[in-house]
Every structure is written in C-alpha cells, then in structure tokens.
Asker: 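Sending over a structure as structure tokens; questions will come in a sec.
Just so we're clear, the structure is a prediction, and the values are computed from it rather than from any experiment. The first residue of the sequence shown is numbered 1, and numbering continues consecutively from there.
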Amino acid sequence: MSHTVYRMLALSALVSTLIACQSDPAQTDTPTEPDASSAIQVNQLGFYPRAAKVAAVPAGAAVDFALVNTANGQVVYQSELGEAKVWPVSGETVQLADFSDVEAPGRYVVRVEGLADSAPLEIRDAVYGELNDAVIKAYYFNRASTELLSEHAGDYARPMGHPDDSVAIHSSAASEARPEGTELSSPKGWYDAGDYNKYIVNSGISTYTLLAAYEHFPAFYRDRDLNIPESGNAVPDLLDESMWNLSWMLTMQDPHDGGVYHKLTTLNFSGAVMPHEATEPRYMVQKGTAAALNFAATMAVASRVYADYEAEYPGFSEQALSAAKAAWDWAKANPDVIYRNPEDVRTGEYGDDEFSDEFVWAAVELALTTGDQRYWDEVELAEAAIEVPNWADAVGQPWMSMAYHLEQVPEALQAPVKDKVAGLAQHLRDEWRASASGVPMRAQDFVWGSNGVAMNMAMMMLTAHQLSDNPENLQVAQSLMDYVLGRNPTGYSYVTGFGTRTPLHIHHRPSEADTVVAPVPGFLAGGPHSGQQDAGDCPVAYPSDKPAKSYLDHWCSYASNEITINWNAPLVYVSGALEVLSERQ
C-alpha cells in the first residue's frame with residue numbers, strides 16, 4: 001500500500017481479515033505460476049499504429065521472432081531478436097523483439113520457436129480508450145458516503161457506507177474553536193486504498209493528477225461517458241468525479257485558521273467487510289504542514305480548472321482559491337508541523353518531515369492561478385528538486401504544471417524549467433537504454449506501489465515530451481505502459497479486468513467482501529515489492545525475492561497487491577496522454 005511502513009505495525013487491525021482469508025479455500029491456494037504463454041512478455045492490450053512496439057523473450061529459445069495475425073495465421077513480420085542481456089532485478093536473461101514497423105490494425109501474437117505464443121495484442125487506434133475510462137471509474141467504485149446503484153455499478157452495486165455526517169474532532173486536532181469531540185460533517189471523498197479512510201496528503205497528489213490530465217488534454221475528456229450519476233450534465237465526467245473528492249477536501253479545512261486536518265479515519269483498520277458494515281467511529285486527526293500545502297496546491301489547480309464551469313458549480317472556483325490561499329497562509333505561519341499518528345490511531349500515517357518540495361508546489365500553483373508575483377518570489381527553481389513524484393515528494397507536480405503553462409512562467413524562470421525537465425528525462429532515457437528489458441526501473445524502484453512508480457516515471461517523460469521533440473521520451477513512456485500491462489517477469493497485466501492474466505485477489509475490502517468473483521475493474525495493483533512486509537501474514541509464500549518478481553496475487557498481500565487512488569491517477573494521465581499523442585504522430 002502507499003501508506004508508510006507504519007502500517008506493518010497495525011497487525012491487530014488485520015486479524016479478522018486474515019482469518020477470513022485463511023478460511024476460504026479458494027483464497028489459500030498458492031497462486032498459479034505464469035503458464036508457458038506468459039514466457040513471452042508483452043503488453044496484453046496492444047499498441048497504437050505508430051507507437052513503439054516491443055516484447056521481451058527469454059534468451060536462448062531462438063534467434064528470431066515473428067508477428068502472426070490471429071485472424072488468418074499469416075506471418076506479417078519477422079526479424080531477429082535483440083542482444084541477450086541480464087535484467088538484474090529479475091535475474092532473467094532476455095532478448096527484445098521489436099516490431100514497431102508493423103502499423104496495420106489487427107490482432108496479433110508474438111511467436112518464437114520453442115515457446116508458446118504470446119498473449120494476444122491489438123494494433124489499432126483508441127487502444128487505451130476503454131482502459132482510461134475504467135481506471136477513472138474505479139474512483140466512482142471507491143466513493144464514500146453514497147449508495148452505488150446497479151444502473152451505474154452493475155454487479156458492484158452496494159449500500160451507502162460512511163455517511164461521515166458526524167465525525168469527531170480527535171484530541172490531536174482539538175482547538176479552542178473546535179474542542180475534542182466536536183462533531184462535524186465531512187461526507188463524500190474517495191476511500192484511499194484497500195481501506196476505508198480518507199487522507200488529505202494522498203488525496204492531494206491523486207486529485208491534482210486527475211485535474212492535470214484534464215487541463216493538459218481537455219478535448220480528450222470533454223465528451224467521454226463513464227456512466228456515473230453525473231454523466232450527461234455539461235461537465236466532463238472526469239471533473240464530476242474529481243469534484244466528489246474536492247467537496248470532501250474542503251470540509252477538512254478549519255475555517256477558523258485555514259489549517260487542514262491530515263486525515264479522516266477510524267482508530268484501527270476495518271476488517272474485510274463492505275463499507276456499510278464498517279461502522280466504527282471516525283475522527284478528524286491533527287493538522288499538519290504537508291496536508292495544508294497539498295490542499296493549497298490542489299485547490300489552486302481546481303480553481304482554474306473549474307472556472308470554465310461556473311454555471312454548473314457556481315462559486316466553487318472562487319471558494320477553492322480562497323481556501324488555497326488560507327491553507328498557504330497557515331503553512332507559512334506553521335512551516336514545520338510534522339504529522340505523526342497519535343498513540344491511539346493505527347491507520348495509514350502518510351508521514352513526511354521535509355516540506356520544501358510542497359512549498360514549491362503550492363507556490364507554483366497559486367502563482368499560475370492568480371498571477372500574483374508574491375508566489376513566484378517564493379520559488380527558488382535553481383535549488384528546487386525534480387524527480388519522479390510520489391505521495392511524500394512533490395518533486396514532479398510543479399514542473400508538470402510549469403511545462404504546460406510555460407508562457408505564464410516568468411521569463412527568467414523558463415530556462416530552469418526546461419533544463420530540469422530535460423535533465424530528468426535524460427536520466428530516465430539512460431536507464432531505459434541500459435535496461436535489458438527496456439524498462440527504466442532499478443532495484444530501488446520496486447518499493448511499495450512500484451507500479452505507481454512506473455506510471456509516475458511515464459508521466460514525467462510525457463512532461464518532457466511537451467518541451468522537446470525527442471521521440472525517445474514518448475518511447476520510454478510507452479515502455480512503462482507496456483510494463484504494467486504485461487511486459488514484465490510476472491506475466492500479469494496489473495490492471496484488474498484488462499489483459500489476459502490480471503490480478504483476481506487485490507487487497508481491496510469491497511472486492512474481497514462482496515459476492516462477485518472478479519474484483520472491481522480498473523484498479524492498478526501495487527506491484528512487485530521486495531520488502532515483502534506482509535510475508536508473515538499470508539498463508540502462501542511469495543514466488544521470488546527478486547525485486548521485479550516479488551509479487552503475490554493474494555488478498556493478504558497488502559505490500560504488493562493493494563490498490564490506491566494515487567497509483568491509479570498517473571495511469572489515468574498516461575493512458576489518456578498516449579491516446580491523444582498517438583493521434584498527433
């Protein structure tokens with residue numbers, strides 16, 4: 001999961017879920033190893049006609065490969081395999097099969113003598129359109145405070161859970177204006193992950209990424225129909241879905257001082273029950289600098305994005321900007337309030353003790369939205385870090401925003417933006433070229449949520465593409481999409497419901513507790529994580545301790561098979577961006 005390692009200590013909260021896991025024979029069986037067909041690793045959805053197209057093949061099987069049309073059995077392309085190289089993170093020696101020259105639409109398999117054919121793949125326009133829709137709609141399935149009706153949710157319909165209309169102020173959040181026990185209404189929002197709590201820090205980066213997807217590629221999202229309750233109104237469904245969470249986030253700000261509570265949570269994690277069955281008391285917990293700055297940045301972006309939808313969301317743009325400014329002022333007055341879980345709170349911590357990156361992010365977004373020079377004066381871009389972002393490190397978001405609004409960046413700051421984005425892209429391109437598997441991920445990238453790392457890498461490469469015509473930037477982004485969709489050593493497409501072999505037992509309470517065999521579709525599983533912090537809690541063993549193979553499709557594997565809103569968000573961004581950019585090639 002994307003919470004801090006603190007969650008490992010909350011084993012008491014998992015007792016009931018582990019008992020449920022162990023009592024289900026279907027769940028306690030050792031997950032099957034990849035069959036022969038997955039020996040050839042390939043994107044199990046497919047490619048746009050002009051995209052780079054690569055598969056990975058175990059070395060030694062043959063010297064060449066063929067691409068075969070499944071409709072008629074004809075070989076449409078044949079070529080030599082690339083040089084055999086070892087990918088240290090998997091321990092495998094592989095050769096790359098590059099069939100980028102094939103642009104004809106169709107359904108194909110990669111064929112290598114001595115191996116079973118690859119999973120089928122398609123070459124066509126709009127190949128990631130349905131994926132993008134489903135990955136966004138996964139947020140709808142994770143909505144709090146609402147019933148999911150069958151007309152929108154199908155088999156995943158469920159009663160309302162967590163109305164959150166009576167949430168108590170925790171002792172850690174108590175103030176003179178809001179003493180301990182004060183009851184507040186804080187409905188809506190998304191469940192953060194496989195659990196039922198709501199966290200501002202993770203909501204910030206997740207909602208920002210969804211808003212950025214719309215802001216950078218608005219035409220793509222404008223008319224897409226996700227079949228959510230708001231579909232058919234004058235607002236793009238992506239923005240309607242984002243508003244569900246933004247509405248909740250606004251309730252997490254204390255109007256008396258502008259500070260923002262870190263999370264809304266139960267004291268312990270719930271068991272494997274449906275939302276309406278998880279009825280433990282919920283609390284607003286301690287304010288913090290990280291929460292205030294994430295909130296300020298996200299609300300500043302929301303203000304400018306929803307300004308075009310004043311008729312549908314009257315007053316929201318102004319409200320969001322006012323809230324952003326108040327949160328910024330609180331953070332400036334309280335620049336080092338570190339959040340740590342109170343002694344009686346044992347849910348995800350999302351702790352952070354370094355805030356320079358969040359200050360840069362919030363200042364950039366407020367500057368872009370308001371044009372106020374005082375926010376630019378807060379930004380020292382020459383000193384600011386740029387890296388692949390994650391929930392704790394806002395080292396990608398401001399650069400993304402500035403890259404797409406470069407004309408609004410002061411002229412003196414434009415060169416640092418270009419140089420730093422280009423520098424990160426160069427680093428990732430170097431790793432991509434050096435990788436035996438053509439994937440720029442190293443051992444240290446296989447952390448909790450490694451698939452989220454892959455998608456955030458791809459998102460930064462797409463940012464570089466915005467500023468440069470280097471075609472390799474797009475190729476690296478494509479390779480990372482290929483990785484999460486099946487070109488990896490486990491043989492899984494890691495998105496539920498999309499691919500030939502996908503996760504069936506994600507660590508997601510509704511998917512575990514409902515009566516539907518298949519999990520909720522459109523969720524990106526966390527992915528291989530060599531830490532294996534949950535190994536002692538699962539009744540089955542991980543298949544490997546190699547970083548890229550340390551994955552277990554099992555409900556009990558919260559370290560490798562949980563889902564979170566912040567891993568889905570960059571997948572939304574990347575799948576939509578590749579769809580748009582494919583049309584421009």
Asker: Do the ring planes of H508 and F523 sit parallel (below 30°), tilted (30 to 60°) or perpendicular (above 60°)?
Answerer: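 The rings of H508 and F523 sit tilted, inter-plane angle from 30° to 60°.
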Asker: Looking at Y199 versus Y350, is the centre-to-centre ring distance below 6.0 Å?
Answerer: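 Between Y350 and Y199, which both carry aromatic rings, the centre distance is below 6.0 Å.
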Asker: Quick one: pull up CD in E579 and CD in E130 and give me the separation to the nearest 0.5 Å.
Answerer: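 The CD atom of E130 is 10.0 Å from CD of E579, to the nearest 0.5 Å.
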Asker: Around atom CD of E280, are there more than 12 heavy atoms of other residues, nucleotides or ligands at under 6.0 Å?
Answerer: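 For E280, atom CD is crowded (more than 12 foreign heavy atoms under 6.0 Å).
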Asker: Do R429 and N473 come close enough that some side-chain heavy atom pair is under 4.5 Å?
Answerer: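 Result yes, sub-4.5 Å side-chain heavy-atom pair found.
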Asker: Can you confirm whether S550 sits close enough to F446 that some side-chain heavy atom of one is under 4.5 Å from a side-chain heavy atom of the other?
Answerer: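 A side-chain contact is absent here, since even the closest heavy-atom pair is not under 4.5 Å.
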Asker: Carefully, step by step, assess V421 and Q466 under the rule side chain to side chain contact (heavy atoms under 4.5 Å, CB included).
Answerer: CA-CA 10 Å; V421 171; Q466 170 70 16; over 6 Å; no
Asker: Charged N to carboxylate O below 4.0 Å: is that the case for R143 and E241?
Answerer: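 Salt bridge present between R143 and E241.
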Asker: Determine yes or no for a side-chain-to-main-chain donor-acceptor pair under 3.5 angstrom, with D553 supplying the side chain and L504 the backbone.
Answerer: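 Between the backbone of L504 and the side chain of D553 there is a qualifying donor-acceptor contact (under 3.5 Å).
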Asker: Check whether any side-chain heavy atom of R224 lies under 4.5 Å from a side-chain heavy atom of L238, and answer yes or no.
Answerer: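 No. Closest side-chain heavy atoms not under 4.5 Å.
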Asker: Before giving the answer on side chain to side chain contact (heavy atoms under 4.5 Å, CB included), spell out for T347 and D195 the whole-Å C-alpha distance, their side-chain angles and the decisive distance to 0.1 Å.
Answerer: CA-CA 9 Å; T347 54; D195 63 282; 5.8 Å; no
Asker: Side-chain contact, heavy-atom cut-off 4.5 Å: M455 with W567?
Answerer: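 They are not in contact (no side-chain heavy atoms under 4.5 Å apart), so the answer is no.
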Asker: Classify the angle between the aromatic ring planes of Y156 and F141 as parallel (below 30°), tilted (30 to 60°) or perpendicular (above 60°).
Answerer: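 Geometry flag for F141 against Y156: perpendicular rings.
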Asker: Are any of the side-chain heavy atoms of Y221 and N132 separated by less than 4.5 Å?
Answerer: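 Side chain of Y221 against side chain of N132, heavy atoms only: contact under 4.5 Å found.
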Asker: Are the side chain of T265 and the backbone N or O of N197 linked by a donor-acceptor pair below 3.5 Å?
Answerer: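 Pair absent, no side-chain N/O of T265 close to backbone of N197.
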Asker: Show the nearest heavy-atom pair for residues P49 and K53, with the distance to one decimal.
Answerer: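 Nearest heavy atoms, P49 then K53: O-NZ, 2.6 Å.
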Asker: Is it the case that D537 and Y558 place a side-chain donor and acceptor less than 3.5 Å from each other?
Answerer: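 D537 vs Y558: donor-acceptor pair found between side chains.
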Asker: Could you walk me through whether I565 and S203 pass the side chain to side chain contact (heavy atoms under 4.5 Å, CB included) check?
Answerer: CA-CA 7 Å; I565 58 175; S203 274; 4.0 Å; yes
Asker: Looking at V476 and P440, what are the two nearest heavy atoms and their distance?
Answerer: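 What the structure gives for the nearest pair is CG1-CG, 3.9 Å.
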Asker: Hey, what do you get for CG (N227) to CG (D133), rounding to the nearest 0.5 Å?
Answerer: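 One gets 10.5 Å once the value is rounded to the nearest 0.5 Å.
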Asker: In terms of heavy-atom contacts, does CD of E113 have more than 12 from other residues, nucleotides or ligands at under 6.0 Å?
Answerer: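 Check fails, neighbour count at 12 or below.
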Asker: Quick one, W248 and L264 - any side-chain contact, counting heavy atoms below 4.5 Å?
Answerer: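 Result yes, sub-4.5 Å side-chain heavy-atom pair found.
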Asker: Does one side chain, of D534 or Y542, offer a donor that lies under 3.5 Å from an acceptor on the other?
Answerer: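 A pair is found: one side chain offers a donor N or O, the other an acceptor, under 3.5 Å apart.
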Asker: Examine F47 together with F99 and report whether their ring centres are nearer than 6.0 Å.
Answerer: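 Close enough - the centres of the two rings lie under 6.0 Å apart.
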Asker: If the plane angle is over 60° it's perpendicular, under 30° parallel, otherwise tilted; pick one for Y483 and Y494.
Answerer: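 Tilted, since the angle between the ring planes falls between 30° and 60°.
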Asker: Mind checking the CG-CD spacing from N470 to Q475? Nearest 0.5 Å is all I need.
Answerer: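 So the CG of N470 and the CD of Q475 are separated by 8.0 Å.
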Asker: Assess the side chains of Y339 and D352: does a donor N or O sit below 3.5 Å from an acceptor N or O?
Answerer: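 Absent: no donor and acceptor within the cut-off.
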Asker: Within the supplied structure, the quantity of interest is the number of heavy atoms (other residues, nucleotides, ligands) at a distance under 6.0 Å from Q426 CD; does it exceed 12?
Answerer: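 Yes, because the 6.0 Å sphere around CD of Q426 holds more than 12 heavy atoms from other groups.
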Asker: For the atom pair CG (D192) and OG1 (T564), what is the distance rounded to the nearest 0.5 Å?
Answerer: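 The distance works out to 6.5 Å.
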Asker: In terms of the angle between their ring planes, are H505 and H554 parallel, tilted or perpendicular, with boundaries placed at 30° and 60°?
Answerer: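 Because their plane-to-plane angle lies in the 30° to 60° range, the rings of H505 and H554 count as tilted.
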Asker: Would you call I40 and D117 a side-chain contact if the rule is heavy atoms closer than 4.5 Å?
Answerer: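 A side-chain contact under 4.5 Å is absent here.
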Asker: Ignoring hydrogens and geometry beyond distance, is a side-chain donor-acceptor pair present between T298 and T207 at under 3.5 Å?
Answerer: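 There is no such pair (donor and acceptor under 3.5 Å, judged by atom type) between the side chains of T298 and T207.
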Asker: Looking at side-chain heavy atoms only, is the closest gap between V574 and L462 below 4.5 Å?
Answerer: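 Of all side-chain heavy-atom pairs linking L462 with V574, at least one is under 4.5 Å.
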Asker: Determine the interplanar angle of the Y573 and F217 rings, folded into 0 to 90°, and report it as parallel if under 30°, tilted if 30 to 60°, perpendicular if over 60°.
Answerer: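 Judged by the thresholds at 30° and 60°, the geometry between Y573 and F217 is perpendicular.
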Asker: Calculate, to the nearest 0.5 Å, the distance between atoms CD and OG belonging to Q533 and S557 respectively.
Answerer: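 Reported to 0.5 Å precision, the distance equals 9.5 Å.
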Asker: Using only heavy-atom distances, determine whether the side chains of Y492 and Q44 contain a donor-acceptor pair under 3.5 Å.
Answerer: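 Y492 vs Q44: no donor-acceptor pair found between side chains.
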Asker: Run the side chain to side chain contact (heavy atoms under 4.5 Å, CB included) test on W432 and E472 for me, step by step, so that the C-alpha distance in whole Å, both residues' side-chain angles and the decisive distance to 0.1 Å come before the verdict.
Answerer: CA-CA 10 Å; W432 167 70; E472 289 189 342; 3.7 Å; yes
